[in-house]
Amino acid sequence: MDHFELRNGVLHAEDIPLPQIAEEIGTPVYVYSRATLERHAQVFADALKDIPKKHIAFAIKCNPNLGVLRVLARQGYGADVVSGGELERALAAGMAAEDIVFSGVGKTRAELALGLDRGIGQFNIEHEPEGVALSEIAVGKETTARAVLRVNPDVDAGTHAKISTGKAENKFGVGIDAAPAIFDRLSALPGLTMRGVALHIGSQLTSLDPLEAAFERVGRLVADLRAAGHSITHVDLGGGLGVPYRPDDNPPTPAEYGAMVARVTKDWDVTLMFEPGRVIAGNTGVLLTEVLWVKPGAANPFVIVDAAMNDLARPALYDAYHDFVAVRPTGEKMTASIVGPVCETGDTFARDRVIDKVEAGDLAVFRTAGAYGATMASTYNSRSLVPEVLVDGGRYITVADRIAAGTIMAAERVPDWIE
Ligand SMILES: *Cc1c(COP(=O)(O)O)cnc(C)c1O
């Protein structure tokens, strides 16, 4: 459910007609709905009501906009961060250091030190040398890092290969068989409190089965670690729950996920940690775009829009599907390919798809663009960096400015030793 609806034939974000935003801000532009964001955050939290001890950390890589993060901070969400930059953002948005979890496969020593200086809640250690480094840095600062070991449970998440993270051949975590010995050694180090384990097997999961299989493996690991004398108080179950991108997609609901988690973990007696990203932010945003041209093609016409792969990379990166709907639909349909202006054949949002009939000058949106959308934007082809708008009922504000190509150019220089 979201708050992007037709009213009197015009697509609105909450109470704001999208043509108003196009007129005042220009296109392309990301438009987020605060009510939708809050609702998704609430639904996810409600789905975990049967879990006695828990902590929810929004995976901010999917939408790190400060305005968005502030909304979630007010809902009691912490943050899962994967870089020093994200760590500073989470704090700037008002999330408590205590509520921040630091994931990421290649944290630098400087980033580990930053996490300690800021007093974050937990480090998710990806492999033994990182744990050793964290111990050394913590000892140098006369402090102690709370940490868990990320394990790779070797299950196939059944999602796109580029967003699958829990197979043995993926770069993430340590093999679950190697975990007990590594955990033993890290636990013996000073400056480190090893309090549990973490996993995250992939993103846009459309079945609970791989998650359940992975959680069961981790449950056995927790029992083994306890049998070896370790105190295990925290298990971080990661994120990954899928969202509907197509009108007929039917991914598991947060309630179904919560029920499965409650069942599988009922005897664990730990604080469960969650790192949802897409399921919170995906349907809270659309990318608003204007049709520039409709150009004849060999089979079907090309609808050339003013958004491109640099604004929304997912179709080019993962062959992802984003629903495309007209802001003022007439009821008529056409079959077309939707492409952007960038000089790459990969700059294609849809091939030979039946869509609302549009003409040059019409507005349209790509739906479900609130996660892994603006955050992946670039200025490729010297395009502007796409702006973001947050709607709240009958008001909206620009929560990220459009950054003009000229501003980017101003940060470059021509060496004076090239005549
Ligand atoms: C990306 C990521 C997430 C969030 O994944 P979603 O599919 O967006 O829920 C959670 N945890 C870690 C460690 C991640 O890398």
Side-chain angles (χ1 to χ4, degrees), residues 37 40-41 43-45 47-48 55-64 68-69 72 77-83 85-87 90 99-107 111 115 120-127 130 147-153 157-167 170-174 196-208 210-211 214-215 218 234-245 249 251-254 257-258 261 272-285 314 317-318 320 368-376:
L37 188 59
H40 288 184
V43 165
F44 191 85
L48 304 177
H55 176 261
I56 308 178
F58 177 58
I60 79 171
K61 72 172 186 280
C62 83
N63 191 327
V68 166
L69 295 185
L72 292 173
Y77 274 60
D80 173 57
V81 305
V82 296
S83 70
E86 285 194 352
L87 176 49
D99 292 334
I100 296 176
V101 174
F102 202 161
S103 299
V105 76
K107 303 179 209 66
E111 286 174 322
I120 64 161
Q122 176 174 296
F123 293 84
N124 290 8
I125 294 176
E126 285 271 349
H127 67 154
E130 185 192 19
V148 301
L149 181 63
R150 178 166 177 180
V151 298
N152 184 323
T159 185
H160 191 282
K162 287 186 187 166
I163 47 175
S164 200
T165 55
K167 282 286 286 170
N170 296 140
K171 68 179 176 180
F172 299 97
V174 300
V197 291
L199 78 161
H200 171 72
I201 63 168
S203 198
Q204 185 53 17
L205 271 57
T206 52
S207 161
L208 292 178
L211 283 169
F215 295 168
V218 164
H234 289 72
V235 176
D236 186 333
L237 298 179
L241 204 54
V243 299
Y245 280 100
D249 275 352
T253 62
Y257 170 81
V261 170
L272 286 180
M273 309 182 69
F274 298 88
E275 301 170 348
R278 189 188 312 267
V279 72
I280 305 297
N283 277 309
T284 66
R314 299 187 65 258
L317 260 185
Y318 319 126
T368 319
Y372 307 103
T375 183
M376 285 189 183

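Just so you know, these numbers use all the heavy atoms, side chains as well, and skip hydrogens, waters and symmetry mates. Whatever order the structure lists them in is the order used to number ligands and atoms, beginning at 1. Please read all numbers here as calculations on a predicted model, not as lab measurements.
Across all non-hydrogen atoms, the minimal contact from A41 to Y77 is O-OH, 2.8 Å. The two residues E275 and D80 come nearest to each other via the heavy atoms OE2-OD1, 3.3 Å. Taking both residues in full, the closest heavy atoms of S164 and N170 are given as O-OD1, 3.3 Å, listed atom of the first, atom of the second, then distance.
The G239 neighbourhood of ligand 1 comprises atoms 9 (O), 10 (C), with distances under 4.0 Å to a heavy atom of that residue. Near R150, with a cut-off below 4.0 Å to any heavy atom, the atoms of ligand 1 are 13 (C). Taking a cut-off of under 4.0 Å to the non-hydrogen atoms of S103, the atoms of ligand 1 that pass are 13 (C).
When only non-hydrogen protein atoms are considered, atom 5 (O) of ligand 1 lies nearest to H200 CE1, 3.3 Å. A59 CB, 3.3 Å is the protein heavy atom nearest to atom 4 (C) of ligand 1. Of all protein heavy atoms, the one closest to atom 8 (O) of ligand 1 is Y372 OH, 2.6 Å. Atom 7 (O) of ligand 1 has as its closest protein heavy atom S203 OG, 2.3 Å. Of the protein's non-hydrogen atoms, the one nearest atom 2 (C) of ligand 1 is K61 NZ, 2.3 Å. Ranking the protein heavy atoms by distance from atom 11 (N) of ligand 1 puts E275 OE1, 2.5 Å first.
Of the possible donor and acceptor atoms, none in the side chain of K61 sits under 3.5 Å from a partner among the backbone N and O of V82. Within the 3.5 Å criterion, the main-chain N or O of G240 finds no donor-acceptor partner in the side chain of Q204. At least one donor-acceptor pair under 3.5 Å links the side chain of N63 to the backbone N or O of G370. Between the T165 side chain and the H200 main chain, a donor and an acceptor come within less than 3.5 Å of each other.
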> Going through the checks in order, is the side chain to side chain donor-acceptor pair (under 3.5 Å) test met by R278 and S203?
Replying inline: CA-CA 8 Å; R278 189 188 312 267; S203 198; 2.8 Å; yes
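F172 does not count as a contact of ligand 1, since none of its heavy atoms falls under 4.0 Å from the ligand. At least one heavy atom of G240 sits closer than 4.0 Å to an atom of ligand 1. Residue-ligand proximity: D80 is placed with a non-hydrogen atom under 4.0 Å from ligand 1.
Residue contacts with ligand 1 for M273 are absent, since no atom lies close enough (heavy atoms, distance under 4.0 Å).
Polar contact with ligand 1: present for G277 (N/O pair, distance under 3.5 Å). Taking only nitrogen or oxygen atoms, main chain and side chain alike, R278 reaches within less than 3.5 Å of ligand 1.
Side-chain contact of T368 with N283: a donor-acceptor pair under 3.5 Å is present, judged by distance alone. A donor-acceptor contact under 3.5 angstrom links the side chains of N124 and Q122, judged on distance only.
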